[in-house]
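Start at 1 and go down the list; that is how both ligands and their atoms are numbered. Note: hydrogens, waters and symmetry copies are ignored here, and every other heavy atom, side chains too, is used.
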Amino acid sequence: MIYLDNAATTPVRREVLEAMWPYLTGEFGNPSSHHEIGESAARALAAARESIAVALGARASDIVFTSGGTEADNLAVKGIALANPRGRHIITTAIEHEAILESCAYLVRHHGFRVSEVPLGADGLVDPAEVERLIRPDTTLVTIMHANNEVGTVQPIEEIAAVVSRFGVPIHTDAVQSAGWLPVGLSTLGVDALSLSGHKLGAPKGIGLLAVRGTIPLEPVLHGGGQERGRRSGTENVAGIVGLAEALRLSSSIADSAGKVARIRDLIIDGILDSVPGALLTGSRRSRLPNSASFCFPGTSGEAVLLELESHGIVVSSGSACAAGSDEASHVLVALGIEPEVAKTAVRFTLGSSIDEVDAADLVTRVAEAVAALGSSRR
Ligand code: PLP
C-alpha cells in the first residue's frame, strides 16, 4: 500500500510509542499526586514541556497542552479574543480549518464579535498589506494558518506577523500541517501563539498544544482543576505529551528530508499536469508544503478517483478528511474561486517522508488511468 494521506493522519512512530510506554504502564501516576508515582509523572511532564518549548522557541510556561489541534485552535480564538480588552473584531481567512472558522462563528453568535476575512488570490496566498488594511482599533486577534490542509499553500506568516505586531494585535497561526515539514516556532514565525497536533507528526491522536506567549492574556475554555496554570483544566495526558515531545524531536529529521520530498512532489505535479488532460493544480505552485500536491480533475468525481486508486493500493483523500462525510464542495476551493462542481472533483496527495521516485511514477500512471477510465465511462 502507498499511503498518501499524511495530512489526515500519520502512524505513531516506534520511538514515540516506546517513549510513551512507561507512562501508560509502570509510571502511570497523575502528575498532581503528591507521592512518588505522581511525582515521577510530573517530572516526565516537565521534561517534555521543556523540550517542546525549546523546539518551538518558547518558554516552558508558554506551552498549554490540549487534546489536539481542534482544541488548540478553539483556545486560541476564544481564549485570546475574549481576554483582549481592545474590542470584538477578528481578522482571519476563508480557508482556515473549521476549528478556527467555527470558533469565530461562535464568537459572532454569542459575544457580538465581527470577523473580517482577508481577500485571497487564486493561489490562496495572503498579502500582508491586505491584513494591515483590515486592522482596526478594536481588533483583538489575527489568526491565519501557516499551511493549508487541503491545498498545501504556505502563507508568508513571518511577514504577516511583522505587520500585525506593529499594531500591538496578537497573532495566532495554525501550524498543524506545517509542523514537521517547515520550521515552526513562536520566534521563528514571529507569532504570539501557534497550534500543533500530535497525530500529524507521528504521535497519537488526542494530543496537541497551543504555544502562547506569556504576555498574551488567555481566557480558559475548559474550567476545572486548574491544570496548565489555569489555562486548560483536566488531568494531563502524560504519555501523549511525552510522545509529542519525542515526535517533535524526531521531526527535525523529517525536515531534513523535506527537500527530497519536495522534489518528488514536483515530479508528481509535473507528471499529472502532463499526462492528465484538464488536470488543475490547486493552491500556490511556488509556496506549498513539501509533501502536498492537490488537484481537481474536472469531469470526474474526487470520490471516484479515490476509490479507483484505492483498488490499486494507493490511499489518498478526496478533499479534507476533517470534513469527511459531507458532499458539499470544499470551502477552501470555493474561496480560491473554483466552481463548486469542479471543487467536488478534488483529490489531495500528501506524501510521507519514505516516498520515492518509483511510488511517484506509479501514482502518476494510476491517476492518468483512473481519470481516463472515469472520463470515458461518463461519455
Ligand atoms: N488544523 C488543521 C490545519 C488541520 O489540518 C487539522 C486536522 O486535520 C486540525 C486543525 C485539527 O486537528 P486535530 O485533528 O488534532 O483536532
Side-chain angles (χ1 to χ4, degrees), residues 3-12 16 52 63-79 92-106 120 124 126 143-155 157 172-182 184 189 191 193-212 221-222 232 234 237 240-241 243-244 247-248 251 282-283 287-292 294 315-326 330-333 335-336 346 348-352:
Y3 179 76
L4 301 180
D5 199 13
N6 288 276
T9 197
T10 60
V12 174
V16 168
I52 289 172
I63 308 297
V64 183
F65 292 110
T66 66
S67 63
T70 298
E71 189 191 326
D73 284 347
N74 271 259
L75 181 57
V77 173
K78 297 173 191 168
T92 188
T93 75
I95 62 170
E96 301 296 309
H97 188 268
E98 287 82 352
I100 296 288
L101 296 177
E102 291 301 320
S103 295
C104 290
Y106 163 83
L120 299 165
V126 169
T143 174
I144 294 179
M145 70 201 320
H146 191 199
N148 182 268
N149 45 306
E150 294 190 35
V151 293
T153 299
V154 177
Q155 300 296 348
I157 285 296
H172 163 258
T173 193
D174 176 333
V176 165
Q177 292 293 341
S178 52
W181 291 104
L182 300 174
V184 299
L189 298 177
V191 294
L194 73 82
S195 306
L196 211 138
S197 172
H199 73 105
K200 315 286 184 178
L201 277 174
K205 296 164 189 62
I207 185 66
L209 62 82
L210 180 70
V212 52
V221 171
L222 293 186
R232 196 277 189 182
N237 175 356
I241 291 166
L244 178 57
L248 262 182
S251 75
T282 56
S287 182
R288 67 189 306 137
L289 283 172
N291 72 327
S292 181
S294 52
V315 179
V316 302
S317 161
S318 61
S320 163
C322 303
S326 103
S330 134
H331 70 279
V332 172
L333 298 176
L336 300 192
R348 174 186 75 179
F349 309 105
T350 47
L351 322 177

**OP:** Select one of side chain, backbone, both or neither to describe which atoms of Asp174 lie under 4.0 Å from any atom of ligand 1, heavy atoms only.
**Re:** side chain
Subject >> Steps toward side-chain hydrogen bond (donor to acceptor under 3.5 Å, both in side chains) verdict (Thr9, Lys200) >> reply: CA-CA 5 Å; Thr9 197; Lys200 315 286 184 178; over 6 Å; no
Original post:
Can you name the side-chain hydrogen bond (donor to acceptor under 3.5 Å, both in side chains) partners of Thr282, sequence neighbours left out?
Top reply: Ser294
Original post:
Is the closest N or O pair between Gly68 and ligand 1 shorter than 3.5 Å?
Top reply: no
Original post:
Taking atom types as modelled, is there a side-chain donor on Asn74 or Ser103 under 3.5 Å from an acceptor on the other?
Top reply: yes
Subject >> Part of Asp73 with heavy atoms under 4.0 Å of ligand 1, whether side chain, backbone, both or neither >> reply: side chain
Subject >> side-chain hydrogen bond (donor to acceptor under 3.5 Å, both in side chains) partners for Thr173, two or more places apart >> reply: none
**OP:** Out of His199, Lys200, Glu98, Met145, indicate the one that has the non-hydrogen atom closest to atom 7 (C) of ligand 1.
**Re:** Lys200
